[in-house]
> 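My questions all concern the structure below.
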Amino acid sequence: MPAAGSISEKRRMAATSNGKTPAAFQRALLRWYDAQRRDLPWRKTRDPYRIWLSEIMLQQTRVAAVLEHYRIFLERFPSIEALASASEADVLAAWSGLGYYRRARRLRQCAQQIVEQYKGSFPQNSEALLPLPGIGRYTAAAIASIVFGEPVAVVDGNVERVLRRLIGGTLTTRQVWEHAQAFLDRSRPGDFNQAMMELGATVCVPREPRCLACPARKWCVTRGVEVRRAKPAVHQQKKAVWCALDWREGNGGGNGKVRLVQRPRKAALMAGMWELPQSSAPPRTSRTAAPWRKFRHTITVTSYTVHVLRNKQIGNLLLPDDRFAAKGKWIGLDRIQQLPITGLTRKILKASGMI
DNA sequence: AACTCGGGGTC
DNA sequence: GACCCAGAGTT
């Protein structure tokens, strides 16, 4: 029997409280959230379309990266019908720069399904949302709680960290979800869920959590020490790539052109998206001439060194990779915003001042 | 529960 | 380079 005040005793009190919901904790958290929450565009609406879009964009993506895309995307596709009837290329173009492009394809598929099967109105509970493309356990619960007030808890990276610190000990993923549901304030589930995520994003941050500013410190067992399981080490690969930045001046009006190639529509990665002609081996010219610029580009576990060659460095040489040769299309710079381009292409075109 | 997917940051 | 981010889908 552990002594009163010991870790395990506190944990039992804080986490289970004899099966009762910890009302004082809920009050403290919601009071903090009401006063401190960030002013984000998707917190000004309960339109399921807008909430859904924000949740998909925010998957594995930081708030700061989403804000601008969210605004532009809604201008371009103001309703679920507009999104459902758009081409995949148009949707990918609006998504360009956010990464994980599969999300954008599933987003469009999901819109089409909701328009066709549900006459354009979202299913109103998490269970019915779950089968839709791109909607998993987290997103189904987020939409259902925020839009429809369903008392179902979410667990994202933030909530998981908050709960592991709050409760201490080692928890399985399943136990984390169970605790999240037990803590949930059933009268304000959407706000409570967002409050937990907000706490993780702004106070209970991964490194150096701001425990003195935390509304949950009274109930927290570890006081900021995260208990986590070791993740399997993924060894990063290094690769080199050569890109052709082949461009022509416009006739005074600034409407220049750049040569782009489209990735195969059935490619495993970034299918159908446009990019600069590239090769995995250096063309002959680059052995004598330095590239115009070098970039580093990391895609999850592969770190690329990107050598960018310009016009005269490219020439008509026989090059090791087909995609590098004089293929592709000349794309007007004013059209690029409407084209699904890869993140690396966007990065290079930006650095060159073309977009 | 453990992988795969394969973008973009920050520290 | 390590680590993280309002995960989803598959095995």
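Computed from a predicted model, the values in this text were never measured in an experiment. Lettering of chains follows the sequences in order, A, B, ..., and the numbering in each one begins at 1.
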> List in numerical order all residues of residues 143-155 of chain A for which some heavy atom is under 4.0 Å away from an atom belonging to DNA chain B.
none

> Would you kindly give the CE-to-C1' distance between A:M57 and B:dG8, to the nearest whole Å?
15 Å

> Taking CD from A:E208 and C1' from C:dC3, how many angstroms apart are they, rounded to a whole number?
14 Å

> Any side-chain N or O of A:Y101 less than 4.0 Å from the OP1 or OP2 oxygen of B:dG8?
yes

> Just checking A:V159: base, sugar-phosphate only, or nothing, at a heavy-atom cut-off of under 4.0 Å?
nothing

> Within this structure, what is the CG-to-P distance between A:L58 and C:dA6, rounded to whole angstrom?
7 Å

> Report each atom pair, protein N/O against N/O of nucleotides 8-10 of chain C, whose distance is under 3.5 angstrom.
residue : atom : partner : partner atom : Å
C:dA8   : OP1  : A:G136  : N            : 3.0
C:dA8   : OP1  : A:T139  : N            : 3.1
C:dA8   : OP1  : A:T139  : OG1          : 2.4
C:dA8   : OP2  : A:Y138  : N            : 3.4
C:dG9   : OP1  : A:G134  : N            : 2.5
C:dG9   : OP2  : A:I135  : O            : 3.3

> Over how many whole Å does the gap from A:W177 atom CH2 to C:dG7 atom P extend?
10 Å

> Whether the side chain of A:R62 and the base of C:dC4 hold a donor-acceptor pair under 3.5 Å is what I'd like checked.
yes

> Sequence neighbours left out, what pairs pass ring pair (Phe, Tyr, Trp, His ring centres under 6.0 Å) with at least one residue falling in residues 193-217 of chain A?
none

> Please give me every residue in residues 70-78 of chain A whose heavy atoms get under 4.0 Å of an atom in DNA chain C, ordered by residue number.
none

> Once ring-ring contact (aromatic ring centres under 6.0 Å, His included) is applied, do any residues pair with A:H307, and if so which ones, sequence neighbours excluded?
A:W242

> For residues 136-152 of chain A, which residue pairs qualify under salt bridge (charged side-chain N to carboxylate O under 4.0 Å, His left out), counting only residues two or more places apart or in two chains?
none

> Round to the nearest Å and state the distance from A:K350 atom NZ to B:dG8 atom P.
10 Å

> For A:R263 and B:dG6, what is the distance between atoms CZ and C1' respectively, to the nearest whole Å?
10 Å

> Could you pull out all residues at least two apart from A:W42 that satisfy ring-ring contact (aromatic ring centres under 6.0 Å, His included)?
A:Y70

> At 4.0 Å (heavy atoms only), tell me whether A:W42 reaches a base, stays on the sugar-phosphate, or touches nothing.
base

> C:dA6, C:dC4, B:dG6: which one has an atom nearest the side-chain heavy atoms of A:Y100?
B:dG6

> Any side-chain donor-acceptor pair under 3.5 Å between A:S352 and A:R310?
no

> Can you tell me if A:Q181 uses its side chain to pair, donor with acceptor, with the backbone of A:P151 under 3.5 Å?
yes

> Say you pick atom P in C:dA6 and the same atom in B:dC5; how far apart are they, in whole Å?
24 Å

> Using the salt bridge (charged side-chain N to carboxylate O under 4.0 Å, His left out) rule, collect all pairs that involve residues 69-85 of chain A, keeping only residues at least two apart or in two chains.
A:E68-A:R71, A:R71-A:E75, A:R76-A:D90

> Using the ring-ring contact (aromatic ring centres under 6.0 Å, His included) criterion, which residues pair with A:F77? Sequence neighbours excluded.
A:F73

> Please state how far atom CD in A:Q60 lies from atom P in B:dG8, giving the value in whole angstrom units.
14 Å

> Per the salt bridge (charged side-chain N to carboxylate O under 4.0 Å, His left out) rule, what does the pair list look like for residues 191-202 of chain A, sequence neighbours excluded?
A:R38-A:E198, A:R43-A:E198, A:R188-A:D191

> C:dC5 phosphate, OP1 or OP2: any side-chain N/O from A:N158 under 4.0 angstrom?
yes

> Is there a donor-acceptor pair under 3.5 Å between the side chain of A:R259 and the backbone N or O of A:G328?
no

> Can you tell me which nucleotide in C:dC3, B:dA1, C:dA6 comes closest to the side chain of A:R207?
C:dC3

> Looking for any heavy atom pair under 4.0 Å, which part of the strands does A:G97 touch: base, sugar-phosphate only, or nothing?
sugar-phosphate

> For residues 46-55 of chain A, which residue pairs qualify under salt bridge (charged side-chain N to carboxylate O under 4.0 Å, His left out), counting only residues two or more places apart or in two chains?
A:D47-A:R50

> Salt bridge check: are A:R27 and A:D185 linked by an N-O gap of less than 4.0 Å?
no

> Within the structure shown, what part of the strands sits under 4.0 Å from A:R43 by heavy-atom distance: base, sugar-phosphate, or nothing?
base

> Could you list the residues that satisfy ring-ring contact (aromatic ring centres under 6.0 Å, His included) with A:F148, not counting sequence neighbours?
none

> Nearest whole angstrom, please: distance from the C1' of C:dG7 to the CG of A:N193.
15 Å

> Here's a test of your reading of the structure: between A:L344 and A:R174, which maps to the more 5' nucleotide of DNA chain B?
A:R174

